[in-house]
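Data block below; observations after.
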Amino acid sequence: MSTLEIRELQVSVADKEILKGVNLTVRAGETHAIMGPNGSGKSTLAYAIAGHPKYTITGGQVLLDGVDLLELSVDERARAGLFLAMQYPVEVPGVSVSNFLRSAVTAVRGEAPKLREFSKDLKNGMDALAIDPAFATRNVNEGFSGGEKKRHEILQLELLKPKIAVLDETDSGLDVDALRVVSEGVNRFRASGETGVLLITHYTRILRYVKPDFVHVFSAGKIVEEGGPELADKLEAEGYEAYTKASA
Amino acid sequence: MGLNEKPLSTLHEKSSYNLDDFSVPTGREEKWRFTPLSRLKGLHDGTAEVTGQVVTQAYTPAGVSAEWVGRDDARVGQAYAPTDRVSAQAYNAFEKALVVTVPKEAVPAEPIQIELRGGGTAGVAYGHIVVKVEPMAEAVVVLDHQGSAVYADNVEFVVGDGATLKVVSLQDWADDAVHVSQHHAQLAKDATFRSFVVTLGGDLVRLSPSVSYTGQGGDADLSGVYFVDAGQHLEHRLLVDHSTPNCKSHVDYRGALQGEDAHAVWIGDVIIRVEAEGTDTYELNRNLILTDGARADSVPNLEILTGEVAGAGHASTSGRLDDEHLFYLQARGIPADQARRLVIRGFLGQLVDKISVPELRERVLAKIEAELEK
Ligand SMILES: Nc1ncnc2c1ncn2[C@@H]1O[C@H](COP(=O)(O)OP(=O)(O)OP(=O)(O)O)[C@@H](O)[C@H]1O
Ligand SMILES: [Mg+2]
């Protein structure tokens, strides 16, 4: 059973301190929602854990099953079992979706999947997320609509089967149907009970499909309140005002 | 004859069959300022001993002829007159020219393969090739350069009325090769010309593809990819001379450079003369600089002498690999060096997709792949 432990994490961007000591533990079988206003540092947390070069860690630790992820390269973290679904997935010109996915699956599993098996997994994965098979030959995220990009992220989640998934606003920009399709994908991923999810969102909408066990309120680079699913309803009703004032 | 009588533009100063019309370059000339003359092994100053060898063989499908002809054959030099010293040197020194003819309305089933194999760098070799595609014929030609050589040549592509010629030229030389080459295409009325240049090997390669039009409706597409390693000088100098109305040209060259003193030069000259109304042209060069110590010089020149163009533009970019691309791939577990290869192959591969013959496309991709694995 896997555990992601974030301890006193401090992160700066361009010499500006953004995260000011974040503590959070995500265990297998748990889903944690992080909610917070724009600019509070939610994506910074996600990118810092994944190892984006733009972010500088100035203090703290991130442990996945006791291994300090911060000591690993970006690809080593992914192979260790971490996955980040990005708020703004990157377009990679000239690299086809199928080539990309096959390379990623090969890297994460440590061996190339049998071609036939992979084709089947890919087809099933795409079907389940209502992704047109033609996307396999398109370039990664190039010209995809916002919703298509998000579905493509969840397709990767399902193919790569990480231990811990960080989903950064996977729900934003989705219409109701797409939201349902994407949520079902996340729920399939959670179903084994052996994986943990850290779900970053602005809205309670997705939490109706993907029920969190814990809700954390993020403001000005810190977790300022924690609770169960009921906290999300309170945020929905009252907004973040109370927290942004408190931290100002 | 032809070209040398045209009104002169600043980009295309002169052409002549006479070696004495070109002085020995010093390196200060606009035409030669990027080329390391000391590495030309005497190709430019007449000091080279003509004892080298490049074995040239043509493999032609049924219906296509290939002949070796003497210097005085009427088909030689018909479409092109040399425009620089090395080209003139080659023109005056080759012994026999290869003339490939695709007869009127013929559509050969297979590509015409011309293999050029260098036999060492002791002494230089000169060559001349003419590919003549007669009216309404359609052909594909592969020029495949391998081995070691110090070689200068002129290649004339004569594309007849309504004819189509697709050329893939692979400069896959050994590390010590020196190659200076002119590829001139002359397009008759409604002719279509597709050129795809792949330059990977050689110590110094200077390839100058040029296009002229003798009738309206000509359409030229010139693409190229190059991969420059440490110490290599790979130079491509394009000249499209629009002198008749309503013709098209599209130029897209892309390269990746890595290692100390890897040097790429791309010159894209396009002239739209007074009489060339309705011209539609675009030229683009993009360079990926993979390491410190590599340098790309990229100089597009668009000289427009008429007010009536359908479209004219150019762009040139040189930059590093995008960190965001690499991060995205690595965040999915793909190791850094493999992620780099995927992005570079993607960058060059997008252009390779333009090669319409599948087996040639595969062959070019395999060459690029092998280069990336090095
Ligand atoms: N390159 C940078 N230079 C300076 N500040 C930056 C830079 N990149 C991000 N920031 C700042 O870091 C802060 C946190 O940004 P982050 O993207 O983590 O917020 P967020 O909570 O994800 O917001 P949103 O809800 O809009 O996605 C913001 O104030 C942002 O302006
Ligand atoms: Mg964000």
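A, B, ... follow the sequence lines: proteins, then strands. Residue 1 opens every chain.
- With a threshold of 4.5 angstrom between heavy atoms, A:Val140 approaches chain B through side-chain atoms but not through N, CA, C or O.
- With ring centers used as reference points, B:His145 lies under 6.0 Å from B:Trp173.
- Donor-acceptor pairing under 3.5 Å is recorded for the side chains of B:Ser298 and B:Asn285.
- We find that A:Glu194 and A:Lys163 are not joined by a salt bridge, their nearest charged nitrogen and carboxylate oxygen being 4.0 Å or further apart.
- Residue contact with chain B, scored on non-hydrogen atoms closer than 4.5 Å, is absent for A:Pro162.
- With salt bridges taken as basic N to acidic carboxylate O contacts below 4.0 Å, one links B:Arg194 and B:Asp219.
- In this structure, chain B has no heavy atom under 4.5 Å from any part of A:Glu76.
- Remark: B:Phe157 pairs with B:His183, B:Phe193 by the ring-ring contact (aromatic ring centres under 6.0 Å, His included) rule, at least two apart or across chains.
- Highest contact tally toward chain A, considering only B:Pro335, B:Ala339, B:Gly349, B:Ala336, is held by B:Pro335 [criterion: heavy-atom pairs under 4.5 Å].
- Remark: B:Arg332 qualifies as a cation-pi partner of A:Phe83 under the 6.0 Å distance and 45° angle criteria applied to the six-membered ring.
- Proximity to chain A involves both the backbone and the side chain of B:Gln330, based on heavy atoms less than 4.5 angstrom apart.
- A salt bridge does not link A:Arg77 to A:Asp75: none of the charged nitrogens lies less than 4.0 Å from a carboxylate oxygen.
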| Pair B:Lys166-B:Glu138, salt bridge (charged side-chain N to carboxylate O under 4.0 Å, His left out): steps then yes or no | CA-CA 8 Å; B:Lys166 297 175 181 174; B:Glu138 284 176 31; over 6 Å; no

| task | Could you please spell out the steps behind the ring-ring contact (aromatic ring centres under 6.0 Å, His included) verdict for A:Phe144 and A:His152? | result | CA-CA 9 Å; A:Phe144 290 19; A:His152 182 227; 5.6 Å; yes

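- The stretch residues 58-66 of chain A places none of its residues near chain B, where near means some heavy atom under 4.5 Å from a heavy atom of that chain.
- Cation-pi geometry between B:Arg254 and B:Tyr226 is not met: the NZ or CZ atom fails to fall both under 6.0 Å from the ring centre and inside 45° of the normal.
- The neighbour count for B:Lys248 NZ, taken as heavy atoms of other residues, nucleotides or ligands under 6.0 Å away, does not exceed 12.
- Proximity to chain B among residues 110-126 of chain A is not found for any residue, judged by heavy-atom separations below 4.5 angstrom.
- Every pair passing ring pair (Phe, Tyr, Trp, His ring centres under 6.0 Å) that includes a residue from residues 54-73 of chain A is listed here, sequence neighbours excluded: A:Tyr47-A:Tyr55, A:His52-A:Tyr55.
- For chain B, the option among A:Val95, A:Thr106, A:Leu82 with the highest count of heavy-atom pairs below 4.5 Å is A:Val95.
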